[in-house]
Amino acid sequence: MSNRLILSLLLAVHRAGPIAVSDLATATGINDTAVSQALRLLRASGAVWADKDGRIVRYSLRDEEIGTLLDALTKAGDDRDRDQFR
C-alpha cells in the first residue's frame with residue numbers, strides 16, 4: 001500500500017469529517033476495496049476511528065494533532081507550488 005494512498009485518504013477524512021468508504025472512494029478515485037484495506041490499517045494504527053450508523057460506517061480522524069499535521073503538509077505543498085511559478 002502506498003504512502004500516497006494513505007495520505008490521500010487521511011486528507012479526505014480530514015476535509016470531509018465523518019465519511020463513509022464509498023464516499024472516500026469517490027473523493028479519492030481509489031476503489032472501495034483498497035479504501036477499506038487502508039482504513040483497516042489506519043484504524044489499527046489509531047489514526048482514524050469508525051462510527052457505525054446502521055449499516056454505514058463513517059470514519060473520522062482520531063486525533064486533532066493528525067489534522068494539524070495534515071494542515072501543515074497541505075500548506076507546505078501550496079507554498080511550494082506557488083514558489084515554482086514565481
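What you are looking at is a predicted structure, and each value in this text was computed from that prediction instead of being measured.
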Query raised in the report: Just wondering, do Leu10 and Val48 contact through their side chains at under 4.5 Å, heavy atoms?
Result: yes

Report task. Would you check if Val35 and Leu5 make a side-chain contact, meaning some heavy-atom pair closer than 4.5 Å? Result -> no

Which pair of heavy atoms, one from [X] and one from [Y], lies closest together, and at what distance?
| X | Y | result |
| --- | --- | --- |
| Leu24 | Leu9 | CD2-O, 4.1 Å |
| Ala34 | Ile30 | CB-CG2, 3.6 Å |
| Ile56 | Ala20 | CG2-CB, 3.9 Å |

Requested in this report: Could you name each residue pair satisfying side-chain hydrogen bond (donor to acceptor under 3.5 Å, both in side chains) that touches residues 6-19, not counting sequence neighbours?
Outcome: His14-Asp71

Report summary line: The complete set of side-chain hydrogen bond (donor to acceptor under 3.5 Å, both in side chains) pairs with one or both residues in residues 17-29, sequence neighbours excluded, reads none

Query raised in the report: Which residues pass the side chain to side chain contact (heavy atoms under 4.5 Å, CB included) test with Ser60, sequence neighbours left out?
Result: Pro18, Trp49

Requested in this report: Please name all residues satisfying side chain to side chain contact (heavy atoms under 4.5 Å, CB included) with Ala50, sequence neighbours left out, ordered by chain then number.
Outcome: Arg43, Val57, Tyr59

Using 0.5 Å steps for rounding, measure from the [atom1] atom of [X] to the [atom2] atom of [Y].
| X | Y | atom1 | atom2 | answer |
| --- | --- | --- | --- | --- |
| Ile66 | Ser45 | CD1 | OG | 7.0 Å |
| Ile6 | Leu11 | CD1 | CG | 11.5 Å |
| Thr68 | Leu73 | OG1 | CG | 11.0 Å |

Report task. List for me each residue that meets side chain to side chain donor-acceptor pair (under 3.5 Å) alongside Asp53, sequence neighbours excluded, and say none if there are none. Result -> Arg58

